[in-house]
Amino acid sequence: MVSGSLPGTSNETEHFTQPVRSITRPWRDELARRLAAVGSLGRQERDVLLEAGHTTLLRSLHAKLSRLFLIELHAMRLAGPGADAGADAGKATWDAFIERASEEGYLARLAGRYPAVGPRIAAVARLSVAATADFAERLAADRALLGPLLGGPAGEVRAVEFGAGDSHRGGLTVSRVDFEGGTVMYKPRPSEVDVALGALLDDLFADLPDAPAPDRRIRVPGTLARDGYGWAEFIRHRYCAHQSELATFYRNIGHWLAVLRFTGGTDMHAENMIAAGPVPVIVDAETLFDAPAPFPPSGRGDAVDVAAAAIRRTVLRTGLLPVRGTGFALGGVDISGIGALPGQQPLIPHPVIADGGTAAARFEVDLVAMPVAGNHPAATPVLSTYWDRVLAGFQEMTAHLRRPGTDPYRLLCRFEGATARRILRPTQAYVDIGRMLWHPASLHDEAAAVERARDILRRNADALPGAPTDRAAIDAEIADLLVGDVPMSGFTVDAAAVRGTVEDWRTADLAFEESVIQDALVGAYLNERSLPARVQVAARDPHARDRERRRRDLAAQMVRRLCDGAVRGEDGTVTWISPVFTPAGWSIRVLPADLYTGQGGVALTLAEYVSEVAAGRADEVPGVRETFEGALRVLVSTEDRTPTPSAGAFSGAASQVWTWLALHRVLGEDWLVKRAAERALLLTDGPLVEDDVEVDLLNGAAGGIVPLLNLATATGQAPWLDAAAHIGRRLAALAVTDAVGARWPTRLNPEGIGGFAHGATGIGWALTRLALTDAGSAADRHDWSRLAERAFAFQESLYRPEDGNWLDVRIGAEDDFFTSWCHGSAGIGIGMLDLHRRTGDPVHLDMAHRAAGACTAEGFGWSHTLCHGDLGLWEFLTSIGSGASEDLDGEILTSLEQRGPVGGLAREAFSPSLMSGLAGVLHTLLRMHPAAALPNPLLLD
């Protein structure tokens, strides 16, 4: 489990500093008295510590009391002329409030409304003062011992910065101390584990073949362990100077992955690693010897539980590899050690005070950028260049650890007796509950707030096995939160912990671990808006000789690979582990239910193979039917038991509707239509449509239109037309229309973009399809048709005759032209050709022909994917008749024979998916037979 929280929750402008200073004045005096008793500190040093400690307390209380001050400000405004009398009066009310709140005894007068506020502030302040005073005493006692960490005598204290990271156990925080002779870090926790890890690394690199030079290998900071706390060398971040250093850095990342897998390390997120040129230094290694708690059965089938358990055991749990958060506050955020790529993080919600300094001041949630950590070796890291170095480093160190004669128990027994930390809940969960406990309503009725916190923590434990569930443990967590601390759980590493960690490591599936590393690194770039340079590798001497035999042989190979890559349960259920597309970005997990990278697309493709075998157009392969049946069971249970994340036709509810209708077309069983109708209820006036902000076909509400139209045709039921019409009206309300045309802003592309899967062309196509039905009124249909024309006009505004293609205006992809289905000319052409066949409009045919020209000019050789590769190109050019079908088939067959299936950026990484992986290859090979009448997901037909 990776911890991590949002950046500080206090408002940077510190609007209420004056009253908070008044509240903390006696505590500042108390701290001054405590510091004066530390005789070996100089007067200036005491002043430095006094100011640092007091500033920390000010910031802490400002964050906790701002909401209370705002409520009391508005109470004053309502009691007098207030801000309604004009700006001057509003400023006067603010000034009057600040003056009143700064008076001695102000909070005591509020005790009737907020009985908890006084005792709470006293507790926070008392702990803060004690933490600073204890730090001062330890600094004075240990100063002479810090020379080895500094390379010389410490000298006088010049500056202190408290509050590096979260506070624990009574206001204790990691702190930075600047001496005359250099800088060290203070860690108010047992540090023997850091010393032991450093010694382990020394042993490992003493006889590692081809080991990096001592100053270029992985390490931890030099550490002085004291009784219950420690001092650590300060690691200064610097970027690598050249490509050789970058290659060494990523090889070192592979070494860290192997060492952390060996030691059961977790939580090595971006703030816990510093890039010191070619050396990634783990600066906080307290979370070793992790023992993942078993999850209860998911109810989705034994295969899902087996797969989920396998993922939890892998190097993913180290926190080094890219992974996206899924919670509200951290949704889509990557805080991993080598992820968190600059420019690729979503904005995150952050509370701020709006209109501060006036009577209208209030809390609002702003969207801010995640702070940049020092974990990257370059300003713009290019992981794709060094994937092989990470994997090679992992393999190298793992082989070294497993070499004959190596005793893992001897290597790890040095940790026995050290204190390690166990992450029981994500830090953000604690931060959110802590903020709730300091809300004015909680200060008014603390007992009710505490009971609410208990309930939240109990329910949180249902989703996080291993988190505390008993009343005493939960109350201890709440006690920490009431004084502003993040709860921390520690344990003593003993022989049993060492044996368990060694056994877990010895029984690891190394091939799977390596696959996870590769998939995670791939996922980092699949999440990006700007991609590494694409490499086009066209087939050599493509030909269509012996086309049918080759097609059948390749299809049989692909379905075997699909079946062999499955995770199977004892109950017959089947699923896969893969990078999957989620609303938060790409992430390695058990397949969700959707069509794009999920269980639905894979199950459909297996059903197609079974159907084509029955029709004599594919070869029998043992186990395919059983794999399909097991996958279908998991698809049903996943839809029933997990939330559907969006409305989209490829990632959400509409994808489920279309998948069941497609299965009905392939298998002909009536229950499949009934199942499609059940899933379509999610698209009828629910939050998936009403709260949708993605809008597009793939993820958004526009994707619901055509599957609902298909369902109306299959059932003959008008309500599905009504649901589609409702989406059409919502799309009309969300459109931005000007002289250029119509487009739809989204979070990632606030100016709107073109293209089929995510942009104006796809939405216009859906609206035209809607306008061609009996949905809505005649006026609705006229409006939808006109809006679609304006959407196509916007797409045309992006056409560049000199390039013969449409410009991709995604952020990060300016001045580029694509031929893919998702963002390029193949998708534009597929949509326009479909509309020409339905309407006969020559404008649509003209766009389709220009798209075919762009696709033909660029040619094949990108990847074997439906979404962004040669398979989508084949589908379009075959449909429009641009080139002989045997030549187009020959391109795909020869390329697959020469290169094997290539998933774009994924390269050799296994992906079973329909739109970006192996199932899409199999689907296309099956559709290649002239008699095949299989569904076409690219058009949702």
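Position 1 is the first residue of the sequence, and the numbers go up from there.
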Side chain to side chain contact (heavy atoms under 4.5 Å, CB included) between D594 and Q656, intermediate numbers included: CA-CA 6 Å; D594 64 69; Q656 298 171 12; over 6 Å; no
Ignoring hydrogens and angles, state whether a donor on the side chain of [X] or [Y] is under 3.5 Å from an acceptor on the partner side chain.
X	Y	result
E875	T924	no
H868	S863	no
T713	N710	no
T746	E694	no

One pair to check against salt bridge (charged side-chain N to carboxylate O under 4.0 Å, His left out): D670 and K674. What are the steps and the verdict? CA-CA 7 Å; D670 291 342; K674 181 180 178 181; over 6 Å; no
Decide yes or no for R547 and L893: does some side-chain heavy atom of the first lie under 4.5 Å from some side-chain heavy atom of the second? yes
Heavy-atom side-chain proximity of H823 to W806 below 4.5 angstrom: no
Begin from the C-alpha positions of R838 and H844 and carry the test side chain to side chain contact (heavy atoms under 4.5 Å, CB included) through to its verdict. CA-CA 10 Å; R838 294 175 186 276; H844 299 328; over 6 Å; no
Any donor-acceptor N/O pair, [X] side chain to [Y] backbone, under 3.5 Å:
X	Y	result
S913	T597	no
T773	L770	yes
S651	L698	yes
D870	H864	no

Can you list the residues that meet the ring pair (Phe, Tyr, Trp, His ring centres under 6.0 Å) rule with W744, with sequence neighbours excluded?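 In terms of ring pair (Phe, Tyr, Trp, His ring centres under 6.0 Å), with neighbours along the sequence ignored, W744 is linked to no residue.
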Quick one: ring pair (Phe, Tyr, Trp, His ring centres under 6.0 Å) partners of Y596, sequence neighbours excluded? F581
If you draw the axis of the six-membered ring of F817, does the NZ or CZ of R800 fall within 45° of it and under 6.0 Å from the ring centre? no
Determine, for E548 against R552, whether the closest basic-nitrogen to carboxylate-oxygen distance falls under 4.0 angstrom.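 Yes, charged N to carboxylate O under 4.0 Å.
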State whether R790 and D738 are salt-bridged, where the test is any N-O pair (Lys NZ or Arg NE/NH1/NH2 against Asp/Glu carboxylate O) under 4.0 Å. no
Any residue meeting salt bridge (charged side-chain N to carboxylate O under 4.0 Å, His left out) with E669, in chain and number order, not counting sequence neighbours: none
